[in-house]
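Each remark here refers to the structure printed beneath this line.
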Amino acid sequence: MRNAEVASLLNELADVMELLGEDRYRVASYRDAAMRIDHLGEAIEDVAREGRLDDIHGVGKSIAAKVSEYLSTGRIAALEERRSRVPAAALTLMKVPGIGPRRALLIARELGVKSIEDLEQALREGKVAQLPRVGTKVAAHILEELSRISSRSQRLPLGVAMSAAQEAVRELERSSAVLEITPAGSIRRMCETIGDKDILVSSTKPEAAIAAFTTMPLVKEVLASGETRASVLSHADLQIDLRVVPPESYGAALQYFTGSKEHNIKLRELAIRRGLKLNEYGVFREETRIAGQTEEDVYAALGLPWLPPEIREDTGEVELALQGQVPPLVGLADMRGDLHAHTNRTDGSSTAEQKARAAETAGYEYLAFTDHSRALGVTGGLTEEEFRKQHEEIRSLQPRFPRVRLLCGVEVDIHVDKRLDCSDDFLAACDVVVASIHSALEQPAEMQTARLIAAMENPNVDIIAHPTGRLLGKRPGYGLDLTALLDAAVRTGTAIEINAQPERLDLNADAVRAAVERGVMLVINTDAHHQSQLPLMRFGVATARRGWAPSDLVLNTRPLGELLRWLARKGQTGRSPA
DNA sequence: GCCGTTTTCGGCCCGACTGTTTTCAGTCG
Ligand SMILES: Nc1nc2c(ncn2[C@H]2C[C@H](O)[C@@H](COP(=O)(O)OP(=O)(O)OP(=O)(O)O)O2)c(=O)[nH]1
Ligand SMILES: [Mg+2]
Ligand SMILES: [Mg+2]
Ligand SMILES: [Zn+2]
């Protein structure tokens with residue numbers, strides 16, 4: 001997939017156009033197209049080859065032509081021509097918080113700054129503060145931002161950000177000025193990574209609420225503080241934004257502060273078409289507020305049903321809501337079990353019994369133990385003989401857990417030559433077989449796709465685990481033809497995992513959306529290495545919801561009996577003639 | 001540059017905070 005690469009070039013083109021003072025709506029069009037291509041869930045080169053670029057919302061004739069040009073020649077003439085007209089450093093400078101297009105151009109042009117190092121020197125020499133509409137305070141602020149630019153540009157996995165946000169929420173709740181309080185922004189939408197923590201508060205004493213916020217012990221620095229909002233930096237250099245509104249505006253502010261930006265713009269445009277105005281204080285007809293107390297009121301005033309935060313991305317949810325519909329989404333309460341977990345026999349850190357107990361407490365109907373096969377030497381992968389012994393032990397455990405069916409399985413490694421690490425006889429005897437790639441991650445995309453499809457064609461393989469191998473913040477995942485993988489999943493009747501580990505979330509939401517459109521059977525697994533990880537299920541469910549997955553496309557929402565029939569089904573069709 | 005249950009042309013979200021401002025530009029959410 002070259003989507004990220006294409007999106008990055010379109011974003012650069014937008015930046016250069018902005019520096020050149022071109023029409024802001026055109027600039028916005030390029031940014032919009034870049035965002036949509038980045039989240040397409042399908043390889044842009046496939047779309048281009050099939051002449052479907054124009055079908056992408058936000059991509060018209062002009063941008064389609066530039067994408068085609070890039071994919072066939074490796075260049076975009078319009079970008080190269082514009083690049084030659086702006087100082088190269090201006091593009092880098094724009095990435096520093098506090099430097100937008102105007103200041104970037106001034107600093108590059110007037111001061112001859114060519115790099116971040118030059119910028120730092122110019123700041124220290126007081127040259128930046130001499131520029132028009134830049135003073136000593138702005139210069140000092142930019143210098144501080146510069147010192148933490150690397151730590152600040154990191155996005156945190158949702159799992160980490162969420163608990164940190166809860167900490168701030170608990171702290172603020174102690175203030176009597178705080179009435180209602182909730183995390184908003186990308187945390188409420190359950191995005192896989194979080195750029196900052198956004199917290200919404202309602203209050204009739206906003207000054208007191210803001211004072212409580214800016215004086216929290218976890219605050220290292222106050223970035224901005226006004227009458228309705230404030231931003232601070234925590235000791236870990238994480239930004240926290242607080243928004244304070246009166247109670248009668250809480251619903252409208254929650255809608256605004258939850259986003260996404262694109263969803264907000266869509267709703268505000270809809271309001272305009274209805275002769276209304278939508279902002280964070282309410283829905284207004286002329287000067288009169290007609291909604292604002294609750295989110296439901298706000299959506300209703302626009303003629304829409306309430307929409308779950310996870311799907312507020314302007315990817316079709318508003319159009320659907322205009323017909324009075326909301327896509328049916330899987331929920332945490334639908335989950336009846338977990339089909340991927342490890343024990344301390346391999347790289348897990350607790351026993352099967354401890355996890356079975358936790359599954360029972362969680363109200364699960366089933367739990368599968370799927371330790372690593374032998375190829376994974378580093379994890380102490382088991383031989384078939386060792387697996388058989390483990391499976392016997394698990395079965396002997398079963399009578400003590402009458403409410404949870406303990407399934408005996410394996411996470412079998414897919415070798416680089418496409419062979420599975422276990423014999424067919426052994427796999428056929430397992431209740432659940434999860435297959436995945438852990439080695440030769442640098443192989444080309446065609447090779448990895450062929451490995452996965454070969455595994456799916458084995459009638460004993462029920463699930464492909466963490467299909468892309470990406471690790472958030474660590475590695476992008478091996479190359480893969482996602483469309484071919486999903487088609488093969490449908491053809492072979494194999495379920496595709498949404499791995500709920502916060503660093504994996506693999507498939508991601510965009511890929512889930514593509515899978516759902518094809519009717520692929522999904523399964524949400526925690527890959528728990530310790531029973532304390534069973535609650536990670538919520539992050540997998542959130543990813544499924546962000547991909548518009550309904551419960552009937554999630555295998556482990558099924559009752560035990562149906563699950564067992566589904567697991568038996570593939571082996572059957574594999575053995576009997578078509 | 002894109003788009004269309006009011007449009008194929010004429011719109012395109014709306015507001016807060018900061019600083020240097022002599023009335024508001026720049027940046028960010
Ligand atoms: N109407 C409107 N709302 C915006 C705009 N920018 C941001 N918002 C709203 C929606 C966002 O979800 C919310 C918080 O802004 P953030 O910049 O923190 O974005 P968000 O939390 O969605 O993503 P993040 O993970 O922080 O990058 O504020 C905008 O330009 N217009
Ligand atoms: Mg945010
Ligand atoms: Mg924010
Ligand atoms: Zn695993």
Side-chain angles (χ1 to χ4, degrees), chain A residues 10 13-14 17-18 21-36 53-67 78 93-107 128-142 145 152 184-186 195-200 206 210 214 222-232 239-245 249 252-253 255-284 302-303 314 318-319 322-324:
Chain A
L10 293 177
L13 181 51
M17 289 169 65
E18 194 172 35
E22 293 188 42
D23 182 78
R24 65 196 179 98
Y25 298 110
R26 292 190 173 204
V27 173
S29 291
Y30 280 97
R31 297 218 167 104
D32 184 48
M35 197 264 296
R36 288 177 186 282
L53 286 174
D54 240 346
D55 297 351
I56 303 171
H57 191 87
V59 175
K61 281 221 155 56
S62 177
I63 293 179
K66 290 182 177 73
V67 171
L93 295 176
M94 276 213 290
K95 306 225 180 328
V96 181
I99 301 183
R102 313 305 288 253
R103 286 173 186 160
L105 212 54
L106 271 175
I107 294 168
V128 176
Q130 306 283 304
L131 294 168
R133 303 200 66 81
V134 183
T136 53
K137 290 201 173 178
V138 168
H141 178 245
I142 293 173
E145 288 293 354
R152 278 260 264 151
S186 48
D196 68 356
K197 291 175 252 167
D198 302 292
I199 298 174
L200 176 68
I210 295 210
T214 53
V222 178
L223 297 172
S225 178
E227 289 167 11
T228 72
R229 58 169 302 146
S231 294
V232 301
Q239 184 169 328
I240 314 176
D241 290 342
L242 179 78
R243 190 71 207 251
V244 184
V245 294
S249 291
Q255 190 290 308
Y256 152 74
F257 215 28
T258 298
S260 65
K261 175 186 173 180
E262 291 74 21
H263 179 84
N264 288 357
I265 291 175
K266 188 80 151 207
L267 292 192
R268 288 168 184 217
E269 285 173 345
L270 181 65
I272 292 171
R273 274 193 280 145
R274 312 226 149 153
L276 304 171
K277 180 171 78 167
L278 170 63
N279 60 26
E280 59 267 51
Y281 299 105
V283 181
F284 298 84
L302 299 174
D314 187 25
V318 177
E319 287 79 359
L322 277 167
Q323 328 259 347

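Each chain gets a letter, A, B and so on, in the order the sequences are listed, and its residues count up from 1. The figures here come from the full heavy-atom set of this structure, side chains too, leaving out hydrogens, waters and symmetry mates. Because the structure is a prediction, the values reported are computed rather than measured.
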Item checked: Presence of A:Gln323 side-chain N/O under 4.0 Å of B:dT5 phosphate oxygens OP1/OP2 -> no
Item checked: Rounded distance in Å - CE (A:Met35) to P (B:dG1) -> 19 Å
Check: Once you round it to whole Å, what is the distance between P of B:dC28 and CG of A:Asp198?
Finding: 15 Å
What's the gap between [N] and [M] when it is taken at their [atom1] atoms, as a whole Å value?
N	M	atom1	value
B:dT6	B:dG1	C1'	23 Å
B:dG15	B:dG10	C1'	25 Å
B:dT18	B:dC13	P	26 Å
B:dC2	B:dT7	C1'	13 Å
B:dG26	B:dT21	P	13 Å
B:dC17	B:dT22	P	23 Å
B:dT23	B:dC28	P	25 Å
B:dT20	B:dA25	P	16 Å

Under 3.5 Å, which donor-acceptor pairs link side chains of residues 28-35 of chain A to any protein atom two or more places apart or in another chain?
| unit_1 | atom_1 | unit_2 | atom_2 | d |
| --- | --- | --- | --- | --- |
| A:Ser29 | OG | A:Tyr25 | O | 3.0 |
| A:Tyr30 | OH | A:Lys66 | NZ | 3.1 |
| A:Arg31 | NH2 | A:Asp15 | OD1 | 2.8 |
| A:Arg31 | NH2 | A:Glu18 | OE1 | 2.8 |
| A:Asp32 | OD1 | A:Arg36 | NE | 3.2 |
| A:Asp32 | OD2 | A:Arg36 | NE | 3.4 |

Note, [X] side chain near [Y] side chain (heavy atom, < 4.5 Å):
X	Y	value
A:Leu10	A:Val67	yes
A:Arg103	A:Val138	yes
A:Tyr256	A:Val245	no

Check: Do A:Ser249 side-chain atoms and A:Ala252 backbone N/O form a donor-acceptor pair below 3.5 Å?
Finding: no
Margin query: Here's a test of your reading of the structure: between A:Val134 and A:Arg274, which maps to the more 5' nucleotide of DNA chain B?
Written below: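 Mapping each residue to its closest nucleotide by heavy atoms, the 5'-most match is A:Arg274.
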Checklist line | Complement of B:dT8, any strand, by Watson-Crick or G-U distances under 3.5 angstrom | finding: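 Pair assignment: B:dT8 / none.
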Notebook entry, point to check: How does protein contact run along nucleotides 22-27 of chain B, one letter per nucleotide 5' to 3', with B for base contact, S for sugar-phosphate only, - for none, heavy atoms under 4.0 Å?
Noted result: --BBSS
Next item on the list: Assign a letter to each nucleotide of nucleotides 7-16 of chain B from its 5' end: B, base within under 4.0 Å of a protein heavy atom; S, sugar-phosphate only; -, no contact.
Entry: -----BBBSS
Notebook entry, point to check: The side chain of A:Lys137 lies closest to which of these nucleotides: B:dG19, B:dG29, B:dG1?
Noted result: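 Given the options B:dG19, B:dG29, B:dG1, the side chain of A:Lys137 is closest to B:dG19.
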